[in-house]
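Please read the structure below before turning to the comments.
Letters A, B, ... are given to chains in the order of the sequence lines, protein chains preceding strands, and every chain is numbered from 1.
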Amino acid sequence: MKIQAPKGTRDILPSEIHKWQYVSSVFAKHCERFGYKEIRIPVFEHTELFQRGVGDTTDIVQKEMYTFDDKGGRSITLRPEGTAGVVRSYIENGMFSLAMPIKLYYDITAYRYENVQKGRYREFHQFGVEAFGAVGPQIDVEIISILYMFFEKLGLRQTGLNINSIGCPECRSAYHDKLKDFFRPNLQYFCDDCKSRFEKNPLRIIDCKNEGCKRFIEGAPRLLGNLCEGCRSHFEGLKAGLDNLGINYSIDPNIVRGLDYYTKTVFEFVSENGGSQGTICGGGRYDGLVEECGGPATPGIGFALGVERLLMELDSQGVMIEEPPAPDIYIAALGQRAMDFAQQLVYKLRGCNVWAETDLMDRSLKAQMKYADKKGFAFTIVLGDDEIEAGKGVLKDMRTGDQKDVSLDSIVDRLKNQAAKQL
RNA sequence: GUGGGCUUAGCUCAGUUGGUUAGAGUGCCAGGUUGUGGCCCUGGAGGUCGUGGGUUCGAUUCCCAUAGCUCACCCCA
C-alpha cells in the first residue's frame with residue numbers, strides 16, 4: 001500500500017514555495033514596523049493549557065484536539081491555535097516585568113482534527129499577533145490596523161472587516177441571565193447542543209443554525225445592546241479609533257468567536273468572494289486569559305490569520321506574486337578536463353554569490369543545454385577541450401541565442417562584480 | 001459526527017454494450033546533430049485500471065463492502 005500524506009495535511013512544493021515565503025516575509029517585516037517581535041513557541045503543549053486557555057466548552061477542545069500521552073505518561077496536545085502557547089510563554093518567562101505593552105507576532109502551524117474541505121486542513125498555517133498589558137481601545141485599533149494595512153500592502157481589495165463586542169464577565173453574566181430568562185420558557189424545544197449551551201454558554205445558542213431552534217432565538221436580546229458602561233465606552237473608543245485612521249468596518253452583532261477566552265472586542269476579516277471558509281482572519285481581546293492560565297491579571301488582544309485562506313484570497317483576486325528569480329549561469333562541459341574545470345568554476349562563482357550550476361550526470365552537451373533551458377538559466381558557458389586549450393569559453397545568451405568568446409581567466413571576476421544578466 | 005461527488009501512467013483524462021499484449025496528451029529519459037536548448041520527428045521507461053470479496057468460462061467494465069480523495073453541513077484560520 002502506498003503511503004500518503006495523512007488526511008488534512010499537504011506538501012508545500014518547490015513550485016509554490018515562493019508564495020509562502022513572500023507572505024511570511026511581508027508579514028514579518030510589517031509587524032516589525034509596528035514594534036512587534038517574533039516569538040516561536042512549541043508545536044505541542046500540555047493538554048491542560050488548551051483546556052483552560054481555549055475553553056472546555058469549545059468545539060476545539062471538545063472534539064478537535066490532537067491529544068496523546070507521551071512516553072512519560074503526560075497528556076500532550078498539538079497546538080490547535082497560537083494564543084494559549086504565547087500566553088503560557090508570557091507568564092513562564094516573566095514578560096510582565098518587561099516594558100509594556102508586550103508586542104509579539106508568530107508564524108506557525110496549528111492542528112485540528114476536523115473533516116477537511118476547501119480552505120480547511122488538519123495541519124494549517126497561521127500568522128498571529130498578541131499584545132499584552134494595554135487596557136484601552138487604542139491597542140485594539142493598532143491590532144486591527146496591522147491587518148488592514150497588511151492586506152493593503154499585499155494588494156488585496158474587498159476584504160471586509162466586521163467588529164463586535166461580547167462584553168466583560170460582569171456584563172456578560174448579567175446578559176446571560178437575561179438570555180436564559182428569554183430562552184427558558186421554550187428550552188424543551190431546543191436541540192441537545194443548545195440545551196447544554198444553556199448552562200455553559202447561552203451566548204452560543206444565538207449562533208445555532210438548527211431550524212427548530214431559530215424560531216425561538218428570534219427576538220433574543222443582543223449583547224451589544226446590554227453592555228456595561230465600561231464595555232460600551234470601550235467599544236465606542238474602538239469605533240472612534242478606526243474612524244480616525246480611515247479604516248472601514250461593519251458592526252456584526254453575530255460574531256461570537258468560537259474560543260471562550262474572548263472579552264469585549266472581537267473582529268474578523270472576511271472574503272467577499274463568498275466561499276464557506278470566508279473568514280480569513282479572526283481575533284479579539286482576552287482580558288481574563290493570562291490570569292486564567294496562572295499569570296498576573298493582564299489584558300491582552302490578538303488575532304490569527306489563516307495563511308491558506310490568505311493565499312486562496314490572493315489567488316482569487318488575481319494578485320500576482322513575483323516568480324522566483326531565474327538562475328544565472330550554467331557551465332556545460334564536455335570531457336573530463338572541462339568537467340573538472342567546470343566544477344572549480346561553479347565553486348568559485350557560488351563563493352561570489354552567483355547562482356551557477358554544472359552537469360552532475362555525465363550527460364551529453366545537448367542534454368546539458370536542455371537542462372539549462374528548462375531550468376531557465378539566463379546564460380550558459382560551453383567548455384570543451386578546445387576552449388580549455390585556448391583559455392576561452394563560449395558564453396551563450398539563452399534568451400537571444402547569441403554567443404561570444406570570453407576569457408576563462410577573467411570570467412569569475414566579471415560575474416562577481418556584475419549580474420550575469422548584464423554580461 | 002452527517003451527506004453528495006470522485007478514484008485508469010508522475011500530471012490531465014479517454015476507453016471497454018464483460019473478451020487476447022489497457023490508450024492519448026503532457027512530463028521524464030534517449031536518439032535524429034560523436035560540440036549546443038527552444039520548434040519538429042523517432043524511440044524508451046512508466047499502470048497489480050484505489051483495495052478486498054462476489055457473479056461469470058472470462059471483470060478495469062456488473063454487484064457488495066471498504067479505504068482514500070474532494071465538496072458541503074456543524075464549527076473555525
*Answer yes or no: are there more than 12 heavy-atom neighbours, outside A:K239 itself, under 6.0 Å from its atom NZ?*
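Atom NZ in A:K239 is packed in, count exceeds 12.
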*Other residues, nucleotides, ligands: >12 heavy atoms within 6.0 Å of A:R350 CZ*: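 Counting neighbours around CZ of A:R350, more than 12 heavy atoms of other residues, nucleotides or ligands fall under 6.0 Å, so yes.
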For atom [atom1], what is the distance between [N] and [M], given to the nearest Å?
N: B:U7; M: B:C29; atom1: P; result: 30 Å
N: B:A30; M: B:A45; atom1: P; result: 15 Å
N: B:G27; M: B:U12; atom1: P; result: 15 Å
N: B:C74; M: B:U66; atom1: P; result: 27 Å
N: B:C49; M: B:U21; atom1: P; result: 13 Å
N: B:U8; M: B:C62; atom1: P; result: 15 Å
N: B:G52; M: B:G46; atom1: C1'; result: 26 Å
N: B:U70; M: B:U48; atom1: C1'; result: 25 Å

Would you please say whether a donor-acceptor pair under 3.5 Å links the side chains of [X] and [Y]?
X: A:E357; Y: A:Y330; result: no
X: A:S165; Y: A:T265; result: no
X: A:R88; Y: A:N93; result: no

For the pair made of [atom1] in [X] and [atom2] in [N], what is the distance, rounded to whole Å?
X: A:D362; N: B:G35; atom1: CG; atom2: P; answer: 15 Å
X: A:I331; N: B:G35; atom1: CD1; atom2: P; answer: 19 Å
X: A:L311; N: B:A77; atom1: CG; atom2: C1'; answer: 12 Å
X: A:D59; N: B:A77; atom1: CG; atom2: C1'; answer: 14 Å
X: A:Q4; N: B:U51; atom1: CD; atom2: P; answer: 12 Å
X: A:E268; N: B:A77; atom1: CD; atom2: P; answer: 9 Å
X: A:F377; N: B:U36; atom1: CZ; atom2: C1'; answer: 15 Å
X: A:R122; N: B:G1; atom1: CZ; atom2: C1'; answer: 12 Å

Which of these nucleotides, [options], is closest to any side-chain atom of [X]?
X: A:A367; options: B:G31, B:A30, B:U36; value: B:A30
X: A:V394; options: B:G68, B:A77, B:G35; value: B:G35
X: A:K374; options: B:A72, B:U36, B:C29; value: B:C29
X: A:R112; options: B:A77, B:C29, B:U36; value: B:A77
X: A:R363; options: B:C29, B:U36, B:G31; value: B:C29
X: A:T279; options: B:A77, B:C28, B:A30; value: B:A77

If you look at every strand shown and take non-hydrogen atoms under 4.0 Å, does [X] touch a base, only sugar-phosphate, or nothing?
X: A:E114; value: base
X: A:Q403; value: base
X: A:A372; value: nothing
X: A:I280; value: sugar-phosphate
X: A:E123; value: nothing

Kindly compute the distance separating [atom1] ([X]) from [atom2] ([Y]), expressed to the nearest 0.5 Å.
X: A:M149; Y: A:F34; atom1: CE; atom2: CZ; result: 4.0 Å
X: A:Y249; Y: A:L161; atom1: OH; atom2: CG; result: 9.0 Å
X: A:I331; Y: A:F377; atom1: CD1; atom2: CZ; result: 9.0 Å

_In the structure I gave you, are the side-chain heavy atoms of A:L154 and A:V319 within less than 4.5 Å of one another anywhere?_
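No, every pair of side-chain atoms sits at 4.5 Å or beyond.
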Under 4.0 Å between a side-chain N/O of [X] and OP1 or OP2 of [N], yes or no?
X: A:Q126; N: B:A77; result: no
X: A:K118; N: B:C73; result: no
X: A:K7; N: B:A67; result: no
X: A:Q117; N: B:C73; result: yes

*Which stems does RNA chain B form, counting runs of 3 or more consecutive Watson-Crick or G-U wobble pairs with both distances under 3.5 Å?*
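RNA chain B stems, ordered by first number: B:1-7 with B:67-73, B:10-13 with B:23-26, B:28-32 with B:40-44, B:50-54 with B:62-66.
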*Can you find a donor-acceptor pair, distance only, under 3.5 Å between A:Q368 side chain and B:G35 base?*
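It does not, because no donor-acceptor pair links the side chain of A:Q368 to the base of B:G35 below 3.5 Å.
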*Using the six-membered ring of A:Y106, assess whether NZ or CZ of A:R40 lies under 6.0 Å from its centre and within 45 degrees of the ring axis.*
no
*Is the Lys NZ or Arg CZ of A:R122 less than 6.0 Å from the centre of A:Y113's six-membered ring, within 45° of the axis?*
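Yes, A:R122 and A:Y113 form such a contact.
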*Would you please determine if the base of B:G37 is stacked by A:Y371, with stacking meaning a centroid separation under 5.5 angstrom and planes under 30 degrees?*
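By the stated criterion, A:Y371 and B:G37 do not stack.
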*Ring centers of A:F127, A:Y105 separated by less than 6.0 Å*: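 For A:F127 and A:Y105, the ring centres are not under 6.0 Å apart.
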*Between A:Y286 and A:Y261, does the ring centroid distance fall short of 6.0 Å?*
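Yes; A:Y261 has its ring centre under 6.0 Å from that of A:Y286.
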*Relative to the 5' end of RNA chain B, which residue comes earlier, A:D386 or A:Y113, by the nucleotide with the nearest heavy atom?*
A:Y113
*Using the closest heavy atom to pick a nucleotide of RNA chain B for each, name whichever of A:F269 or A:T380 lands nearer the 5' end.*
A:T380
Interface polar pairs with nucleotides 38-45 of chain B, N/O, under 3.5 angstrom:
from, atom 1, to, atom 2, distance (Å)
B:G38, O4', A:D373, OD2, 3.2
B:G38, N2, A:R399, O, 3.4

